[in-house]
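What follows is a single structure, written as structure tokens, with notes after it.
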Amino acid sequence: MDAVEDIKSRLSIEDVIADYLELKRSGRNFKALSPFTNEKTPSFMISPEKQIWHDFSSGKGGNMFSFVMEVEGVDFKGALELLARKAGIDISDYRSSSHKNTAKLKERLFEALEQATSYYQRQLTKHDEALKYVRQKRGFDKQTMLDFRIGYAPEDGQALYKHLSDKGFKDEELQKAGLNVVRYNKQSDMFR
């Protein structure tokens, strides 16, 4: 369960809004004076069934998060933190697992890019024509080629894919790293 769903399961919209407005029962719903306009007759309605609110005098409406955003003048993150405290939820529990997954994926993508760079550098030393072009036509010396990590992508179209797959990288990781694309319903190297 994510933080938003967990908060919704622990708090009802009427309890949240009751902290700000005096609610009166009106059938299955609640009503109150609008916090956004100066009125004498209640036009602010809350539906506990649907977990939504609507203010007929201002035309605003939404869920408990949008209400807190409007009343407190905060963004969604601020409303989430405020409601999490009210629900007794430690929001860092949700962030840390999400953050760990993101950090782990980033690490894998950087590793794939590093492996691809090394692979392309090795390929350059194996292809005389490409090496001749870089050294003679472009005028790069060995140190420049090393400093800028210049490489060569074979024309095969799947050489890097096969190399990185053998090293345990998944198709999704290679696509997210920008190294592979799907062409004609099969994985292909982005560079060739």
Is a side-chain N or O of [X] found less than 3.5 angstrom from the main chain of [Y], in a donor-acceptor match?
| X | Y | value |
| --- | --- | --- |
| W53 | S47 | no |
| E14 | P48 | no |
| E72 | M69 | no |
| R183 | D189 | yes |
| T125 | R122 | yes |

Between [X] and [Y], which heavy-atom pair has the shortest distance, and what is it?
| X | Y | value |
| --- | --- | --- |
| S34 | E39 | N-OE2, 2.6 Å |
| M145 | Q121 | O-NE2, 4.3 Å |
| L11 | M64 | O-CE, 3.3 Å |
| G62 | I13 | O-CD1, 4.3 Å |
| S66 | G61 | OG-O, 3.9 Å |
| P154 | Q123 | CG-OE1, 3.7 Å |

Single-linkage hydrophobic cluster, 4.5 Å side-chain cutoff, [X] and [Y] together:
| X | Y | value |
| --- | --- | --- |
| L21 | M45 | no |
| L33 | I17 | no |
| I7 | I52 | no |
| F56 | F44 | no |
| L113 | Y120 | yes |

Check this for me: does any side-chain nitrogen of one of R85 and E81 sit under 4.0 Å from a carboxylate oxygen of the other?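 Salt bridge flag = no for E81 with R85.
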
Salt-bridged, K86 to D15, with N to O below 4.0 Å?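 No, no charged N to carboxylate O under 4.0 Å.
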
What's the spacing between [X] [atom1] and [Y] [atom2] if we round to 0.5 Å?
| X | Y | atom1 | atom2 | value |
| --- | --- | --- | --- | --- |
| Q136 | L131 | CD | CG | 9.0 Å |
| L179 | L164 | CG | CG | 6.5 Å |
| R108 | K176 | CZ | NZ | 12.5 Å |
| S12 | I46 | OG | CD1 | 9.5 Å |
| L146 | K142 | CG | NZ | 6.5 Å |
| D6 | D90 | CG | CG | 11.5 Å |

Quick one: are [X] and [Y] in side-chain contact, heavy atoms under 4.5 Å?
| X | Y | value |
| --- | --- | --- |
| Q187 | Q175 | yes |
| S118 | R149 | yes |
| R28 | E49 | yes |
| L82 | V74 | no |

Ring pair (Phe, Tyr, Trp, His ring centres under 6.0 Å) between Y133 and Y152, intermediate numbers included: CA-CA 11 Å; Y133 170 79; Y152 172 75; over 10 Å; no

Donor on one side chain, acceptor on other, N29 and S26, under 3.5 Å: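 Side chains of N29 and S26: no pair found under 3.5 Å.
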
Pairing donors with acceptors under 3.5 angstrom, does anything connect the side chains of T144 and D141?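 Yes, D141 and T144 have a side-chain donor paired with an acceptor closer than 3.5 Å.
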
Please work out whether the ring planes of F65 and F76 are parallel, tilted or perpendicular, with thresholds of 30° and 60°.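 Plane angle between 30° and 60°, so tilted.
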
Determine the interplanar angle of the F36 and F67 rings, folded into 0 to 90°, and report it as parallel if under 30°, tilted if 30 to 60°, perpendicular if over 60°.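 Ring orientation of F36 relative to F67: perpendicular.
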
More than 12 heavy atoms from other groups under 6.0 Å of CD on E172: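 No.
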
More than 12 foreign heavy atoms under 6.0 Å from CZ of F110: is that the case here?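 It does not: F110 CZ has 12 such atoms or fewer within range.
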
I'd like to know whether F30 forms a side chain to side chain contact (heavy atoms under 4.5 Å, CB included) with R25, so could you lay out the CA-CA distance, the side-chain angles of the two residues, the decisive distance to 0.1 Å, and finally the verdict. CA-CA 5 Å; F30 289 94; R25 176 71 74 180; 3.5 Å; yes

Residue list, salt bridge (charged side-chain N to carboxylate O under 4.0 Å, His left out) with K170, at least two apart or on another chain: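 Testing K170 for salt bridge (charged side-chain N to carboxylate O under 4.0 Å, His left out), a comparison that skips the adjacent residues, returns none.
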
Got a sec, which pairs hit side chain to side chain donor-acceptor pair (under 3.5 Å) with one end in residues 156-168, sequence neighbours left out?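 Side chain to side chain donor-acceptor pair (under 3.5 Å) check on residues 156-168 returns Y161-D171.
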
As a quick check of understanding, evaluate side chain to side chain contact (heavy atoms under 4.5 Å, CB included) for K60 and E70, giving each step before the final call. CA-CA 9 Å; K60 296 177 181 180; E70 287 284 343; 3.1 Å; yes

One pair to check against side chain to side chain contact (heavy atoms under 4.5 Å, CB included): M190 and L160. What are the steps and the verdict? CA-CA 9 Å; M190 178 62 83; L160 179 67; over 6 Å; no

Can R192 and E155 be said to form a side chain to side chain contact (heavy atoms under 4.5 Å, CB included), step by step? CA-CA 5 Å; R192 57 178 200 265; E155 294 178 47; 5.6 Å; no

